[in-house]
Every structure is written in C-alpha cells, then in structure tokens.
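Given the structure is predicted, the values throughout are model-derived calculations rather than measurements.
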Amino acid sequence: MKLLIEVWGNYHAWKEVAYTYGNKTIISSTTLPLLLDSIKPDTSIIIVADTLLEEEIAKNKITFDNNNNAYDSICSTVRDRTQQFINRSLANFEVKDFANSISVLVTPAVGTFSHTRFNGNPHNFFSYLYYSLAKTAATIAQKTHEPLEIYVDITHGINYMTMMTYRAIKDICSVLAYFLDITFIVLNSDPYVGSENKNLNINQIEKTKIKPQFNFFKYPQFDNGRWLKVTHNMPNEKKAQVNATLQEQLKECFTLTSFVDQCYCFASAVYNALPLFLVYFLPDIKMLTETIDNFVNIFFDNISIYHDDKLTVQQQADFTPSFVSLLQILLFAQCCKYKYNIEKQDQCNISTLHNLIKLYSSFSAFKSRIYRELSKIGEAIQQSSLPLSTYEDYGKILYEKNKKCETSDTEEEKKYKPSDTVDERNLFAHAGLTYNNIQIKREGDAIFIKPKKESIDDIKKVLQNNIPTGLE
C-alpha cells in the first residue's frame, strides 16, 4: 500500500515549472500530478493551513461573523478552494482518477497578513495534525497487512509546517512499525524561489525502513485533567473569562484521571515489554476515542472570530503535550485490536502472550526475555503435581515443583508461604511474569495467566513510575 502526503503553503502564488521525477517530466505549478502518476498512491493527503483564507478575503471579499459555525465555514472555504485548485492541476493529465482518493486537511495555523490575523500556538497545528493522521494510520492498520510505503513531499511546505509535519508523520510511523513493514520516503524539489531555473528535479532526500519505537512521555503537570489550557497568545483581560468557560467545558474530563492512569499503565507495559499487563490494562478504545474527540471539539469551540483592523481568528485554547500522549496510546491500542484481535482481559491465554512476542521482534532482548519466561511457565505447568483447575500462585507451582529436591527439618518449613510483594527489578527482568505476582490455571490444553489481585495496586505504581517524563 502507498500513501502520499504533501504539505502546502500558499498555492495561489505558485508558477508553472518543469518538474522531473524519475524518467518523467511535466509542466505544472505543483508536484502533485507528477507524483500521482509516478507513485500511484492508494491514498493522498494534502495538508494546508486555515491562513489560506487571506487569499479568499483579498480576492473575493468574503466576510465572516463570530457565530457557532464561523470557523467551520472558514475551513470549508479553504478546503473547497484547495480542492478546486487540485482539480484544475490534474485536469490536463491522465491522473484525474486519483482525485477521489485525495483528501484535503485544513489545519489551525498562525500568521499575520494584509487582511487577516491568525493568533494562537503553532503547537496546535502539530497536535491537530497528529490527531488527524493518527486516525488515518488506524484505518490503514485495520485494512491492510501489506507493507506500507509513505511518501512525504515537502516541496511546497513553508515555515514550521514542514518540520512539524515531518515530525508527526515519522512519530506515527514509529508506532505503526510495531504492526506493519513501513518504508518512509521524503521528497523535495530543487529550489525555485530566488533562482531563474524552471527545470526542477524532485529529489529523494530520505528513504529508510522505520524501526518500531514508542516515543511516549508522561507530563505530570498536565495529567490532572489539563489536556487543554488557555493560550498565552491572548490579551490578559480575556484569559480569565476564557479560562472559566474552558474549565466548565472540561468539568466532566476531570473525572477521567483514574481512566487515564490505567491508560498510562498500558503505555508503560508497551514501553517496558510486559505483554500480560499490555492486555490487562488495554484501554477502552471507544471511551478513549470519545474523550479525545471531545477535547478536539472543545478546542475548536474556543476559536473566536472578530474584526478590528483585520479579520482576526483567535485560538483561545492550547492542546497540552499530554493530548499527544493520549493519541499515541489510542493508536497503539487500536492496532493491537486490529492486528492481534485482543480485548482488555483480567486473565490471558498464554497463547496470546506468545503471539504478542511478535510486537518485539525488532528488540532481541525483550523478545528473548518474554519467550524465556513463557517457556518456564509452560515447563512448570507440565511438571506440576497440582490439579490447577482453579487459579494457583505461580510461586506455589514452582515451590511444589522444587520441594521434591529439597530437605527440611520440620513440616512447617515445607509449607508454601505466599507473598504478593512487587519487586521492581524482578518485574522488569522477568517480563512482568514474576512468581509472587501472577496466578495460573489450566483448562484442558489451555493455560491462563492473570495478575494477582493483591499485587495489582503496587504493580500500577511501578508501571507509572517507569515511563519517561517529558518537558512542558
């Protein structure tokens, strides 16, 4: 499967040049028709900024009032005009059939122009872009098992948009790479601005296999319900009013702290390669999706539009870094569901855990550790004299297996002494399958494992204390 992503600046100002890619050359104001013809992507995404409204106001004298649908109207106007430009650009080439596979993503941006002013935080561009592309990634993971080629054309990108687009795509690819084989290709043409050259090569500036990497961070300063905050880029007298509104909108979200704590335990289980706890703490995907969508809706509800010397679009709220952390958790959980057909379970079939070893096929130490511990459990079950029709402590199973080889002076010393102590070093050294903290039973040929109820609170603490902490 092939995916083409282009980030665009102000296409109204582009001039026709001769673009060459491979052995093909076309004359166009954009690289799009040539790349569609050469790459033949299954899906294409064009990323543009809402600031393109400047051109519509300058040329068409469009006006907007500050009502509930005003910002939606701005995005619709920009999206429609961009789609019209795409259609005109493709009209003279034999790639018109690709038009239906192209989507235009309008993103919140910042900048001041002749007729408009867009105030806010550039990081909101990154957060919303990550949100949108993560949805695309989840859809791809659901539909295909094929290798994925992602082409990112930055020829037409400008300012922070180019760097943030590259960063978001590559980070999302690092999550997808746990589940799919991904080749990442970046394209950029010869420079045009400032030169007289109108024959431009489209150059491949990066081509790499993406290695799986879970670049997850927790942000304690924002994990108490502050997934959105009042933007700094706004007059002080307005901030208190906006904050009061925002807190009211987020009121229900403050009750999600316990749910998010469980999500972070899942993230830690992924990060530290603990497959039993990956399954045990797998988040409710529907609930997490609805929570994230709600944050996005609140962000857009807090965009105001007003007229002073210019039409001003004011972002009144900022996504905090914790928002992107939730997106990473959701994407990984969705891919686990689509690729491994797993649901959150209090108990787990050992065959599921064996299957999850494939997640860590690029991490030899993690892979070997999980395989070794699961093999030890299988061996202990085979040699156990206990019936195991109900759950028994893994420690007791090992004790019964080993006591035959030991001598004791008294009957008291022969008794199994249960413990639910969680030793942090042992938990990670044994892939979460420590004898003090799990229980096992057998149903026919199937072996089931679950965390020990008495240990779970301490396990949560260990997991949450062992994920990287990010910067604000």
Side-chain angles (χ1 to χ4, degrees), residues 137 141 144-150 169-185 206-218 264-282 325 328-329 331-342 348-382 394 398 422-438 440 447 449 451 459 462-469:
T144 187
H145 294 276
E146 300 174 6
L148 176 63
E149 292 181 6
I150 297 182
I169 296 170
K170 202 159 191 183
D171 195 76
I172 289 169
C173 285
S174 296
V175 175
L176 273 185
Y178 281 89
F179 307 92
L180 294 171
D181 181 270
I182 298 180
T183 302
F184 180 75
I185 301 127
E206 181 178 358
K207 182 176 183 180
T208 186
K209 284 285 186 185
I210 297 293
K211 293 182 179 180
Q213 189 171 359
F214 194 50
N215 297 311
F216 180 86
F217 294 92
K218 65 176 180 178
Y264 278 21
C265 288
F266 169 77
S268 183
V270 172
Y271 183 81
N272 292 295
L274 312 176
L276 176 63
F277 298 110
L278 186 156
V279 175
Y280 185 86
F281 289 110
L282 187 77
S325 296
Q328 293 169 317
I329 291 170
L331 178 58
F332 206 104
Q334 289 171 318
C335 291
C336 283
K337 179 180 175 64
Y338 300 148
K339 296 304 182 186
Y340 291 94
N341 196 30
I342 63 171
C348 188
N349 193 312
I350 197 171
S351 63
T352 299
L353 301 183
H354 272 290
N355 198 29
L356 287 174
I357 293 175
K358 289 184 288 187
L359 274 177
Y360 300 98
S361 57
S362 296
F363 305 87
S364 57
F366 284 158
K367 180 177 67 174
S368 299
R369 186 182 304 160
I370 298 167
Y371 181 80
R372 182 187 69 237
E373 295 303 324
L374 291 175
S375 297
K376 284 166 58 178
I377 289 174
E379 180 184 338
I381 295 297
Q382 285 183 342
Y394 183 27
L398 292 176
V422 178
D423 181 278
E424 183 174 306
R425 189 199 70 81
N426 283 340
L427 190 73
F428 294 122
H430 296 279
L433 302 171
T434 43
Y435 66 85
N436 278 345
N437 310 122
I438 64 171
I440 302 171
I447 298 171
I449 307 172
I459 290 171
V462 169
L463 292 178
Q464 293 197 29
N465 288 335
N466 284 275
I467 42 180
T469 300

In the structure I gave you, are the side-chain heavy atoms of F363 and P212 within less than 4.5 Å of one another anywhere? yes
Contacts of Q213 that satisfy side-chain hydrogen bond (donor to acceptor under 3.5 Å, both in side chains) - sequence neighbours left out: N215
All heavy atoms of I210 vs all of C173, minimum pair found to be CG2-O, 3.6 Å
Answer yes or no: are there more than 12 heavy-atom neighbours, outside Y371 itself, under 6.0 Å from its atom OH? no
Any side-chain heavy atom of K358 sitting closer than 4.5 Å to one from Y340? yes
Are any of the side-chain heavy atoms of I370 and L353 separated by less than 4.5 Å? no
Interatomic distance, R369 atom CZ to I357 atom CD1 [nearest 0.5 angstrom]: 12.5 Å
Residues, nucleotides or ligands: over 12 heavy atoms within 6.0 Å of Y271 OH: no
Stepwise side chain to side chain contact (heavy atoms under 4.5 Å, CB included) test for Y394 and I449: CA-CA 9 Å; Y394 183 27; I449 307 172; over 6 Å; no
To the nearest 0.5 Å, tell me how far Y178 OH sits from Y360 OH. 6.0 Å
Minimum side-chain heavy-atom gap S268-F281 below 4.5 Å: no
Candidate pair T434 and D423, rule side chain to side chain contact (heavy atoms under 4.5 Å, CB included), full reasoning: CA-CA 9 Å; T434 43; D423 181 278; over 6 Å; no
When every non-hydrogen atom of L282 is compared with those of I342, the smallest separation belongs to CD2-O, 3.7 Å
Start with the C-alpha distance between I377 and I438, add both sets of side-chain angles, then the distance that settles side chain to side chain contact (heavy atoms under 4.5 Å, CB included), and finish with yes or no. CA-CA 11 Å; I377 289 174; I438 64 171; 4.0 Å; yes
Mind checking the CZ-CG spacing from F277 to L463? Nearest 0.5 Å is all I need. 6.5 Å
What closest approach, in Å, do L276 and C348 show between heavy atoms, and which atom pair accounts for it? CD1-CB, 4.0 Å
Output yes when a side-chain donor or acceptor of N272 lies under 3.5 Å from a complementary backbone atom of L274, and no otherwise. no
Only counting residues at least two apart or in another chain, list the ones meeting salt bridge (charged side-chain N to carboxylate O under 4.0 Å, His left out) with E373. K376
Can you name the nearest heavy-atom pair linking A141 to L180, along with the distance? CA-CD1, 4.4 Å
Please confirm whether the ring centroid of F332 lies under 6.0 Å from the ring centroid of F179. yes
Specify the closest pair of heavy atoms between F214 and V270, including all atoms of both residues, with the distance to one decimal. CD2-CG1, 3.8 Å
To the closest 0.5 Å, what do you measure between CZ (F428) and CG (N466)? 3.5 Å
Distance check, rounded to the nearest 0.5 Å: T183 atom OG1 versus I185 atom CD1? 6.0 Å
Assess the residue pair N437 and N426 against the criterion (side chain to side chain contact (heavy atoms under 4.5 Å, CB included)); give the C-alpha distance rounded to whole Å, side-chain angles, the decisive distance to 0.1 Å, and a yes or no. CA-CA 10 Å; N437 310 122; N426 283 340; over 6 Å; no
Do V279 and P275 come within less than 4.5 Å of each other through their side chains, counting heavy atoms only? no
Between NE2 of H145 and CG of D181, what distance do you get to the nearest 0.5 Å? 14.0 Å
Quick one: closest heavy-atom pair of I182 and A177, and the distance? CD1-N, 3.7 Å
Would you say CZ of F216 has more than 12 non-hydrogen atoms from neighbouring residues, nucleotides or ligands within 6.0 angstrom? yes
Does a sphere of radius 6.0 Å around NZ in K339 hold more than 12 heavy atoms from other residues, nucleotides or ligands, not counting ones at 6.0 Å or beyond? yes
